[in-house]
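What follows is a set of notes on a single structure, which appears directly below.
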Amino acid sequence: MPANTYQQGRIKQVFSDKNAQTSYLISQLTLAEKIGQMSQFNNDAENLHNAIKQGNVGSVINEVDPDTINELQRIATQESRLGIPLLIGRDVIHGFNTIFPIPLGQAASWSPDVIELCAKIAAVESSNSGLNWTFAPMIDVSRDPRWGRIAESLGEDPFLCSTLAIAMLKGFQGDKLSDPHSIAACAKHFAGYGASESGRDYNTTNIPENELRNVHFPPFKAVAEAGISTFMTSFSDLNGVPATGNKWLLNDILRTEWQYPGFVVSDWASITQLITHGFAKDENAAAYEACNAGVDMEMATDNYAQHLPSLINSEKISIEHIDAMVSRILRLKIDIGLFDNPYAANSTSSKQLNSFHLAVAKQAAIKSCVLLKNDKHTLPLSKTAIDSLAIIGPLADDGYEQLGTWAFDGNAEHSITCLEAIKAYVKDSIKVKFAIGMETSRSNHQDGFDEAVNTASDADVAVMILGEEAILSGEAHCRSNINLPGCQEALIDAIYQTGTPIVLVIMAGRPITLATILPKVDAVLFAWHPGTMAGPAITELLFGEDCPSGKLPLTFPRTVGQIPLYYGQKNTGRPASESTFIDINSINVRAPQTSLGMTSTHLDTHYSPLFPFGYGLSYSQFEYKNINVDKYSINMGESLKIAATLRNIGKVDAEEVVQLYIRDLVASVTRPVKELKGFQRVYLKAGQSKSIVFDLHTDELAFYNRQMTLTTETGIFHAWIGGSSDTELKTEFEVILPSE
Ligand code: BGC
């Protein structure tokens with residue numbers, strides 16, 4: 001067959017290009033078959049085989065068995081009238097069989113390379129099983145750690161999220177979508193889902209357009225421009241119009257303004273839920289609203305199959321509109337190469353979880369862990385200085401819980417736990433004793449405390465492995481308190497009373513409020529849900545085989561009442577500072593109102609977070625000096641260089657994530673007090689120093705103004721370089737018009 005021509009199973013045609021193939025298929029499809037292409041069935045749907053044969057199915061979700069998938073594809077390509085292959089979709093969120101850290105953990109690596117490689121491996125393993133479409137990356141910017149789905153997100157910041165989302169997209173889709181090991185990706189959930197009120201899943205969102213454009217849209221726009229194959233709508237109501245029926249969102253913004261060519265899938269049953277929202281009176285109206293808004297494929301429910309025929313016959317929906325939708329779906333099938341080969345890439349199970357995949361999973365977990373506290377160099381532990389170690393906690397030896405949310409295709413039996421890995425590492429050199437302390441992370445029974453206390457009392461160091469079990473985060477798993485659940489705080493207290501130094505390792509799907517327990521522990525390593533290789537990764541960090549280098553991808557509040565708390569806040573007219581903190585216990589009776597400071601703060605806590613965005617310690621220390629710009633004034637349309645000297649002043653070779661922030665001091669709409677604009681992972685040997693340079697173009701200073709146009713305004717900007725968003729190493733520059 002000549003290059004650039006395509007031939008498909010049952011249609012003996014050769015096409016000059018993909019558009020010709022798409023148009024030909026559209027010309028051949030009946031209306032029912034077109035609607036079939038727009039319908040996604042769950043793998044357990046009744047009569048699935050027959051429906052595929054009849055041409056009523058465009059995609060199947062949740063099937064992962066390669067033989068079953070191959071059979072479905074065989075029926076589609078050989079027994080249906082036109083032989084159109086199926087999209088086989090699945091939530092491959094942070095790995096397929098090899099489970100990597102949850103996305104929020106991967107985001108803490110601040111490493112596009114790590115994230116791309118994890119997604120690449122997930123694509124290899126899932127395509128081996130016959131999948132060709134994942135519902136990831138989830139790029140809802142979220143600033144509410146009560147929301148369970150924050151675990152699936154890439155954090156609070158539009159720039160970090162956009163950069164990492166592009167890396168994940170590249171990993172899934174590869175250089176060429178038609179590569180047998182590339183799978184189509186899906187940007188979800190468009191849009192605003194991360195702002196669900198009170199952090200309760202599926203809840204209403206009210207987000208002004210300016211904030212949508214400046215905060216929530218950027219990651220979606222970035223992946224649309226980078227060529228992501230599909231978008232998924234959000235379950236949520238956005239400013240009174242549910243996203244799945246939101247024509248402004250799907251048509252005006254995505255299709256028209258961004259010129260997005262890919263297709264849009266609903267979320268699970270979210271078309272039917274337009275009725276529950278009170279937005280459509282029945283299924284017919286729901287099908288109309290979703291189709292008219294621009295949802296090309298319906299997931300799980302059958303409103304399209306049932307009602308599009310009459311909506312088209314009555315000319316409420318035009319056939320041209322349907323043809324455009326079906327063309328987008330067919331085009332993806334052609335781009336993936338499904339017409340050439342729809343079958344599982346390589347169903348040999350030995351290809352999964354191989355040593356390379358596991359090594360990458362370990363590295364990803366290592367880079368994701370954030371060292372929050374390390375008093376008196378408690379960490380790393382020394383094999384020679386310690387004789388006995390107590391390992392305590394319900395997450396120390398649980399291969400299932402360390403996988404976190406969305407790990408359907410992972411298997412706890414493949415996990416290596418911390419207890420297993422520590423024992424294997426220290427061999428006979430250190431006595432290791434384990435006490436679970438609590439049956440589960442949620443347990444309120446203290447029956448295991450005595451054993452845990454005895455174990456800790458006899459040991460030189462207690463490593464407590466606590467946090468949230470997998471079920472406490474993820475979809476529909478939100479919490480109103482984000483402290484360590486169950487009686488974990490009491491367990492820490494009990495171990496603290498023994499006087500044995502405590503190293504606290506936390507596995508969790510969200511930030512945890514740690515203010516009350518921090519004083520009782522000597523070191524804290526925040527590991528998120530690290531995945532299959534949690535044990536070896538954490539062990540290597542604890543014993544200094546590797547050095548922690550993760551940085552927080554979101555702010556850790558002191559208390560849940562501070563939420564939403566994020567570094568890129570607005571200044572307000574009455575900004576707080578640490579000096580305006582008021583200890584509520586010391587307020588005099590009948591103190592006059594004016595004594596309370598009159599600034600934007602709470603009475604009973606600091607205005608600042610417990611740990612800021614971008615924060616994370618190392619076993620080494622880094623010094624930042626000499627921030628400078630190569631010119632004070634830059635013309636609009638030009639770039640400047642912002643540089644600083646970074647020096648590893650500690651004793652350990654280590655990696656640091658160097659961060660660049662800016663502030664637009666005066667603008668036509670108020671701008672955040674700091675905005676991340678760049679970051680670099682830098683490896684420095686002990687004592688080594690390096691000049692770190694960021695190039696910044698004036699386009700990168702742009703924001704959406706009152707007219708909702710993307711613009712850079714002239715004026716003075718501050719710029720900071722440092723190892724966290726609270727860096728104070730600052731310089732200044734000015735953007736001018738060329739004629740000024
Ligand atoms: C989730 C989506 C997911 C879909 C399919 C929904 O409940 O919101 O993120 O892709 O299910 O599993």
Side-chain angles (χ1 to χ4, degrees), residues 19 22-41 51 54-59 80-82 84 87 186 189-191 229-235 237-238 240-333:
N19 289 338
T22 311
S23 308
Y24 176 79
L25 286 169
I26 291 287
S27 75
Q28 297 299 302
L29 285 160
T30 63
L31 178 58
E33 287 166 340
K34 287 177 184 170
I35 297 169
Q37 288 302 309
M38 298 169 72
S39 304
Q40 182 180 63
F41 282 49
Q54 298 306 315
N56 293 334
V57 184
S59 170
S80 77
R81 196 176 68 87
L82 292 178
I84 299 176
L87 286 168
C186 183
H189 307 83
F190 196 54
S229 297
T230 62
F231 264 56
M232 185 188 293
T233 62
S234 167
F235 281 127
D237 175 337
L238 177 64
V241 182
T244 302
N246 197 316
K247 194 167 183 182
W248 174 77
L249 201 56
L250 304 180
N251 187 65
D252 302 2
I253 299 291
L254 182 63
R255 208 55 85 197
T256 310
E257 193 176 314
W258 299 355
Q259 292 286 301
Y260 177 64
F263 82 78
V264 176
V265 63
S266 76
D267 202 345
W268 188 277
S270 68
I271 298 185
T272 305
Q273 289 160 19
L274 293 176
I275 305 169
T276 330
H277 275 288
F279 184 72
K281 76 173 188 316
D282 55 20
E283 291 183 353
N284 184 285
Y288 169 76
E289 293 293 353
C291 187
N292 186 46
V295 179
D296 302 300
M297 183 181 279
E298 175 170 15
M299 182 187 284
T301 41
D302 64 353
N303 301 282
Y304 277 6
Q306 298 301 328
H307 300 285
L308 282 185
S310 65
L311 288 165
I312 295 160
N313 286 338
S314 60
E315 294 182 3
K316 284 196 170 150
I317 301 269
S318 73
I319 193 68
E320 290 74 26
H321 186 70
I322 297 292
D323 284 353
M325 291 180 142
V326 178
S327 298
R328 290 192 277 264
I329 295 165
L330 292 172
R331 183 53 191 263
L332 178 60
K333 294 184 177 186

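Worth knowing before you read on, the calculation uses all heavy atoms, side chains too, and leaves out hydrogens, waters and symmetry mates. Counting begins at 1 with the first residue of the sequence.
Counting only N and O atoms by type, the side chains of Asn303 and Thr272 include a donor and acceptor under 3.5 Å apart.
Pairs of residues two or more places apart, or lying in two chains, that qualify as ring-ring contact (aromatic ring centres under 6.0 Å, His included) and include a residue from residues 261-285 are Trp133-Phe263.
Taking both residues in full, the closest heavy atoms of Asn246 and Leu238 are given as ND2-O, 3.9 Å, listed atom of the first, atom of the second, then distance. Heavy atoms only, all atoms of each residue included: Leu250 and Phe190 are closest at CD2-CD2, 3.9 Å. Of all heavy-atom pairs between Thr233 and Ser266, the closest is OG1-CA, 3.5 Å. For the pair Ala191 and Leu249, the tightest heavy-atom approach, listed with the atom from each and the gap, is N-CD2, 3.7 Å. Pairing each heavy atom of Ile275 with each of Lys281, the nearest pair is CG2-O, 4.1 Å. Residues Asn292 and Ile317 share a closest heavy-atom pair of N-CD1, 4.0 Å.
Without hydrogens or angle criteria, Glu289 side chain to Gly245 main chain gives no donor-acceptor distance under 3.5 Å. The closest donor-acceptor contact from the side chain of Tyr304 to the backbone of Cys291 lies under 3.5 Å. At distances below 3.5 Å, at least one donor-acceptor pair connects side-chain atoms of Lys333 with backbone N or O atoms of Gly58. Not one N or O on the side chain of Arg81 forms a donor-acceptor pair closer than 3.5 Å with the backbone of Gln54. Although no hydrogens or angles enter the test, the distance criterion places a donor-acceptor pair under 3.5 Å between the side chain of Ser59 and the main chain of Leu87.
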Apply side chain to side chain contact (heavy atoms under 4.5 Å, CB included) to residues Phe235 and His189 and explain how you reach the verdict.
CA-CA 8 Å; Phe235 281 127; His189 307 83; 5.6 Å; no

#### Entry: Ile84/Gln37 under side chain to side chain contact (heavy atoms under 4.5 Å, CB included): CA gap, chis, key distance, verdict
CA-CA 9 Å; Ile84 299 176; Gln37 288 302 309; 3.7 Å; yes

> Given the rule in the side chain to side chain contact (heavy atoms under 4.5 Å, CB included) test, do Thr244 and Asp267 qualify, once you have shown the distances and angles that lead to the verdict?
Replying inline: CA-CA 8 Å; Thr244 302; Asp267 202 345; 5.5 Å; no

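Residue Ile319 holds its CD1 atom at 5.0 Å from CD1 of Ile312, rounded to the nearest 0.5 Å. Atoms CD and NZ, on Gln28 and Lys34 in that order, are 10.5 Å from each other to the nearest 0.5 Å. In this structure, the separation between CD on Glu298 and CD on Gln306 is 9.5 Å, given to the nearest 0.5 Å. Atom CD1 of residue Ile322 and atom OG of residue Ser327 lie 11.0 Å apart, to the nearest 0.5 angstrom. Remark: Phe41 CZ to Thr301 OG1 distance equals 10.5 Å, nearest 0.5 Å. With values rounded to the nearest 0.5 angstrom, Arg328 atom CZ is found 4.0 Å from Asp296 atom CG.
Contact of the Ile35 side chain with the Pro309 side chain is registered, since non-hydrogen atoms from C-beta on lie closer than 4.5 Å.
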